[in-house]
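First listed ligand is number 1; within each ligand, the first listed atom is number 1.
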Amino acid sequence: MSELTQADKDSLTGEPQDRSVEKEVQEAAPAKLSAVFPSYARYDISLVKGKGSWVWDDQGNKYLDFMCGLAVTSLGHAPEKVGAKLKEQIDTLWHVSNLFHIPGQDRVAALLTANSCADQVFFCNSGAEANEAAIKLARRYHQKVKGTGRYEVITFEQSFHGRTIATLTATGQQKVKEGFLPLPAGFKTVPLHDLPALKAAISENTAAIMLEMVLAEGGVLEVQQEFLDAVVALCKEHGLLLIVDEVQTGMGRTGKLFAHQHYGIEPDIFTLAKGVASGFPAGVMLGKGYLREAFSPGAHASTFGGTPLAAAVMEATIETMLEDNLAQRAADMGEYLKGLLGDKLADTPFVKEIRGKGLLIGIECAAPVGDIVLAGQQRGLLFVQAGPNVIRLLPNFYVSVEEIHQAVDILSELIHTYANNGKWEAGS
Ligand SMILES: Cc1ncc(COP(=O)(O)O)c(C=O)c1O
């Protein structure tokens with residue numbers, strides 16, 4: 001590994017760099033505004049190629065990818081078997097309406113239900129849509145099947161469930177709601193692990209409780225077994241549906257095919273997206289058989305949900321995960337990565353905790369980590385934050401021991417440099 005360059009050090013210490021030349025150029029010729037809405041705070045990198053654990057930018061720079069499109073490319077970039085299936089399907093049939101049977105959907109549904117507690121599957125295109133479908137199914141079950149007026153969904157602070165109007169309302173983070181008022185009725189949010197608050201929030205209107213098993217965007221916070229057991233008991237006691245959002249944790253990411261399997265519970269409904277199709281847009285909502293009637297014909301639909309193309313990619317992705325026992329590999333490599341991080345970072349009080357399950361790992365630091373993420377990019381390592389102070393690592397499931405060592409060497413050097421720059425206070 002090469003030493004830190006001066007630019008790396010400047011960016012880590014936050015020292016002002018000489019931008020005068022750049023500024024003159026900008027003043028002489030203002031940059032043309034992109035025609036894309038600026039809704040993303042984008043990094044100044046354009047990635048154009050990927051293979052396995054590696055991606056390349058348009059300048060030819062190579063990066064070790066420990067973010068995987070945010071937990072999406074779990075089989076690595078351009079996985080061959082999935083690519084071959086996609087190419088074959090491209091030459092066969094891209095799209096037909098869901099008014100027809102789509103055999104690929106049945107095969108994917110069979111794979112998912114054979115390997116989970118679910119009996120029924122609905123296909124859509126994203127995580128937010130899968131959660132929308134879950135919320136709709138819960139309401140419709142209570143209103144149409146049970147004949148009650150229940151509609152409310154209880155969620156938890158720091159959760160993330162998506163960006164549609166309903167799912168951002170369900171999300172337990174104020175920042176995603178700003179400027180989008182009025183929010184729809186029917187959602188309550190309580191602090192995670194606060195059983196009295198949860199009990200107090202339940203009323204005769206409550207239809208469901210929805211949560212992630214590891215609050216990924218919220219800081220890689222693992223739900224405690226005892227609390228989850230109490231949630232399950234409350235659902236039973238009050239006739240509520242339990243919805244588990246597995247959009248980020250699902251499909252092997254936490255070291256089991258579905259994160260709720262760590263806890264020995266069976267949700268009524270759970271949702272998938274991200275890792276289910278290796279980067280092809282797809283979402284899935286799964287439920288127990290007794291919910292089937294609630295989604296009678298016409299109840300819910302999606303033009304693009306589970307098209308022949310999406311189904312082919314999902315099928316190849318799931319088959320590969322099962323054949324190569326990738327959930328177990330994620331568990332093993334996750335343990336190895338966490339152990340190595342512990343060895344290399346135990347000496348600095350800047351690191352407060354290393355946590356997570358499988359290959360969804362959070363390093364909680366004593367100060368904001370945005371500069372460390374940027375410095376990582378300059379050193380050829382991609383990773384993301386989960387909230388201001390947490391570094392999140394999401395490598396692919398085939399990541400090698402050597403790649404893990406490469407990533408940890410870079411991270412350790414960056415974190416130690418930042419920790420020693422005196423801009424934060426030990427114990428803060
Ligand atoms: C737990 C969870 N739920 C839902 C979503 C929303 O998924 P999408 O961006 O595909 O709509 C995300 C995205 O990060 C997520 O992490």
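Taking the six-membered ring for Trp and thresholds of 30 and 60 degrees, Phe227 and Phe156 have ring planes more than 60 degrees apart, a perpendicular arrangement.
Proximity of the aromatic rings of Phe304 and His95 is defined here by a centroid distance below 6.0 angstrom, and this criterion is met.
With sequence neighbours excluded, no residue forms a salt bridge (charged side-chain N to carboxylate O under 4.0 Å, His left out) with Glu88.
Protein residues having a heavy atom under 4.0 Å from any atom of ligand 1 are Ser126, Gly127, Ala128, Asn131, Phe160, His161, Gly162, Glu212, Glu217, Asp245, Val247, Gln248, Lys274, listed by chain and number.
The existence of a salt bridge linking Lys144 and Glu293 is excluded, since no basic side-chain nitrogen approaches an acidic carboxylate oxygen closer than 4.0 Å. Comment: Glu222 engages Lys357 in a salt bridge, judged by a side-chain N to carboxylate O separation of less than 4.0 angstrom.
Looking only at side-chain heavy atoms (C-beta outward), Ile269 and Lys288 stay at 4.5 Å or farther from each other.
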